[in-house]
Amino acid sequence: MRPSFIDSSGAFSECNSDRSGEFSSPGSPINGAGSDSVGGSAAALHRLLISCAADNSDEVISSLIADLDSTSASIDQQRHAALELRLLAKHNPDNRLKIARAGAVRPLVSLLSHPDPILQENGVTAILNLSLCDENKDLIAASGAIKPLIHALKVGTPAARENAACALLRLSLIEEHKVTIGRYGAIAHLVDLLQNGTPRGKKDASTALYSLCSTKENKIRAVKAGIIRPLLDLMSDSEYGMVDKAASVLYAIVSVSEGLAAAVQEDGIPVLVELVEIGTPRQKEIAASTLLLICEQNVQCRSMVVREGAFPPLIAMSQSGSSRAKQKAEALIDLLRQQRSASSG
């Protein structure tokens with residue numbers, strides 16, 4: 001179930017590629033990897049110039065892949081090759097096809113479970129950057145990337161976990177991969193990232209979960225993994241700027257009976273009513289739509305919504321909201337009035 005108010009709103013933007021590495025981002029094991037500050041800065045500039053070059057020969061790409069795939073290459077050589085490939089794939093869309101066609105996917109996938117955190121992070125992010133090309137998605141999945149991406153999502157550095165979430169999001173845009181990702185156990189680790197990750201990680205997790213939870217099986221997995229509580233916490237706290245995202249994921253989750261029951265049990269109705277009262281226009285609409293879905297499926301919940309004082313903000317919304325918001329508010333008001341009449345009778 002994908003309501004158009006979410007699809008058209010831009011609540012979810014695609015994960016950006018390669019957010020760490022070039023300039024040694026804090027929190028990454030790549031930070032401080034250079035031998036000295038001057039040399040490290042020079043190397044970073046050199047890598048950026050190479051990655052932005054308009055013409056990268058096939059020989060350069062093949063050489064990097066050979067270093068990555070060589071059994072005699074040192075860890076430093078492999079780190080260098082993986083980092084160059086991730087940057088080449090980041091800045092030049094044409095390179096994403098070149099690199100994949102040259103055979104880089106298989107050796108990069110092998111890095112996703114590597115014990116060296118730098119190699120793992122570079123491998124994860126290179127796979128993410130390659131996955132931005134639609135033609136590469138099936139090749140990446142067929143190369144066995146899904147399980148090791150989930151491993152990196154579970155145990156990687158903060159940057160590796162975030163970029164693994166983004167890579168899984170990209171692969172999940174193909175329906176059959178979405179099912180596989182859920183069956184291989186990604187949902188629980190994405191819920192953990194949603195609850196315990198960095199602000200960036202929370203956003204990446206919510207975006208991936210929104211995509212994956214278009215299937216009933218993944219919605220149920222998310223409920224079992226405890227997704228409702230972190231969603232409600234994010235909806236109640238504007239600090240992370242994720243009220244819209246969390247509310248949109250919750251809407252998807254309550255469409256299954258397990259999600260509805262969990263949302264009610266976790267005191268989601270007061271949070272939703274408050275959002276109808278004090279949220280932005282779009283937040284009001286999402287919250288009203290979610291309450292309408294809950295009340296349509298569960299008559300007992302209508303009394304709870306009435307007790308939380310939903311009538312005044314819904315009436316205000318029906319008079320001043322967008323045409324879609326007015327429609328949702330009016331439909332919910334009608335349901336609540338029926339409930340109130342039944343109770344008083």
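The figures that follow rest on heavy atoms only: side chains count, while hydrogens, waters and symmetry mates do not. Keep in mind the model is a prediction, meaning the values are calculated, not measured.
- Taking every heavy atom of both residues into account, V264 and C301 meet most closely at CG2-SG, 3.6 Å.
- Listed by chain and residue number, nothing satisfies the salt bridge (Lys or Arg N to Asp or Glu O under 4.0 Å) test with E217 (two or more places apart in sequence, or in another chain).
- The backbone N or O of Q77 lies less than 3.5 Å from a partner atom in the side chain of S74, making a donor-acceptor pair.
- Rounding to the nearest 0.5 Å places NZ of K203 at 10.0 Å from OG1 of T198.
- In this structure, L234 and K202 have side chains that are in contact, with non-hydrogen atoms separated by less than 4.5 Å.
- Side-chain atoms of L212 and I181, non-hydrogen and from C-beta on, do get closer than 4.5 Å to each other.
- Looking at heavy atoms from C-beta onward, E308 lies out of side-chain contact with V305 at the 4.5 angstrom threshold.
- Between the side chain of R96 and the backbone N or O of L130 there is no donor-acceptor pair closer than 3.5 Å.
- Contact check for N136 versus V105: no side-chain heavy atoms found under the 4.5 Å cut-off.
- Minimum heavy-atom separation, G182 to N218: CA-OD1, 3.2 Å.
- Under the 4.0 Å criterion applied to side-chain N and carboxylate O atoms, D192 and K154 are not assigned as salt-bridge partners.
- For T207 and D204, the side-chain atoms include no donor-acceptor pair closer than 3.5 Å.
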> Passes side chain to side chain contact (heavy atoms under 4.5 Å, CB included), K178 versus L171? Steps please.
Replying inline: CA-CA 7 Å; K178 188 176 300 186; L171 297 181; over 6 Å; no
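- Connection of Y240 to M235 is established within a shared hydrophobic cluster, with ILVMFWY side chains joined at heavy-atom distances below 4.5 Å, either directly or through further cluster members.
- Side-chain contact check for P158 versus R161: every heavy-atom pair is 4.5 Å or farther apart.
- No continuous path of hydrophobic side-chain contacts links I220 to Y184 [ILVMFWY only; heavy atoms under 4.5 Å].
- In this structure, CG in L190 is found 9.5 Å from OG in S172, a value given to the nearest 0.5 Å.
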>> Quick one, R101 with E135, criterion salt bridge (charged side-chain N to carboxylate O under 4.0 Å, His left out). Give me CA distance, side-chain angles, the key distance, then yes/no.
In response: CA-CA 10 Å; R101 288 172 178 172; E135 294 181 44; 3.5 Å; yes
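- Two residues are said to be in side-chain contact when any heavy atoms from C-beta on lie closer than 4.5 Å; D134 and R170 meet this criterion.
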Compile the donor-acceptor pairs under 3.5 Å between side chains in residues 107-115 and protein atoms, sequence neighbours left out, one pair per line.
residue: S110; atom: OG; partner: P107; partner atom: O; Å: 2.5
residue: H114; atom: ND1; partner: D116; partner atom: N; Å: 2.9

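- Atoms CD1 and CG, on I294 and L272 in that order, are 5.5 Å from each other to the nearest 0.5 Å.
- The minimum heavy-atom distance between V191 and A222, with the atom names listed, is CG2-O, 4.4 Å.
- Side chain of R229 to main chain of E266: a donor-acceptor pair is present (N/O by atom type, distance under 3.5 Å, no hydrogens or angles).
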>> Test side chain to side chain contact (heavy atoms under 4.5 Å, CB included) on E285 and M317; report intermediate values, then the result.
In response: CA-CA 9 Å; E285 184 181 335; M317 184 175 167; 4.3 Å; yes
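- Hydrophobic clustering places L291 together with I315 (ILVMFWY residues linked when any side-chain heavy atoms are closer than 4.5 Å, directly or through intermediates).
- A distance of 6.5 Å separates SG in C166 from CZ in R200, rounded to the nearest 0.5 Å.
- In terms of heavy-atom proximity, K326 sits nearest to S318 at CG-O, 3.3 Å.
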> Would Q78 and I75 satisfy side chain to side chain contact (heavy atoms under 4.5 Å, CB included), going step by step from the backbone distance to the final call?
Replying inline: CA-CA 5 Å; Q78 289 183 308; I75 288 289; 4.0 Å; yes
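- Side-chain contact, H91 with N129: no donor N or O sits under 3.5 Å from an acceptor N or O.
- Nearest heavy atoms, S211 versus L169: CB-CD1, 3.5 Å.
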> Stepwise, does the side chain to side chain contact (heavy atoms under 4.5 Å, CB included) test hold for L194 with M242?
Replying inline: CA-CA 11 Å; L194 180 72; M242 288 187 56; 4.1 Å; yes
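- In this structure R307 satisfies the salt bridge (Lys or Arg N to Asp or Glu O under 4.0 Å) test with no other residue, sequence neighbours excluded.
- Judged purely by atom type and a 3.5 angstrom limit, T125 uses its side chain to pair as donor or acceptor with the backbone of E121.
- The heavy-atom pair separating L68 from A82 by the smallest distance is CD1-CB, 3.9 Å.
- The same ILVMFWY cluster, assembled from side-chain heavy atoms under 4.5 Å apart, contains both V276 and I333.
- Residues L149 and V179 do not share a hydrophobic cluster, clusters being chains of Ile/Leu/Val/Met/Phe/Trp/Tyr side chains in contact below 4.5 Å.
- Remark: T180 OG1 to I174 CD1 distance equals 10.5 Å, nearest 0.5 Å.
- The closest side-chain heavy-atom distance from T280 to Q283 is below 4.5 Å.
- The main-chain N or O of L128 is found under 3.5 Å from a side-chain atom of S131 such that the two form a donor-acceptor pair.
- With hydrogens and angles disregarded, no donor-acceptor distance shorter than 3.5 Å links the side chain of S63 to the backbone of V60.
- The shortest side-chain heavy-atom distance between L275 and V243 falls under the 4.5 Å cut-off.
- For N95 (side chain) and L88 (main-chain N/O), a donor-acceptor pair under 3.5 Å exists by modelled atom type.
- Under the 3.5 Å distance criterion, with hydrogens and angles disregarded, a donor-acceptor pair is assigned to the side chains of K219 and S255.
- Between the CG atom in L335 and the CG atom in L314 there is a gap of 11.0 Å [rounded to 0.5 Å].
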>> Assess the residue pair S70 and D67 against the criterion (side chain to side chain donor-acceptor pair (under 3.5 Å)); give the C-alpha distance rounded to whole Å, side-chain angles, the decisive distance to 0.1 Å, and a yes or no.
In response: CA-CA 5 Å; S70 172; D67 286 344; over 6 Å; no
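- The backbone N or O of V254 lies less than 3.5 Å from a partner atom in the side chain of Q297, making a donor-acceptor pair.
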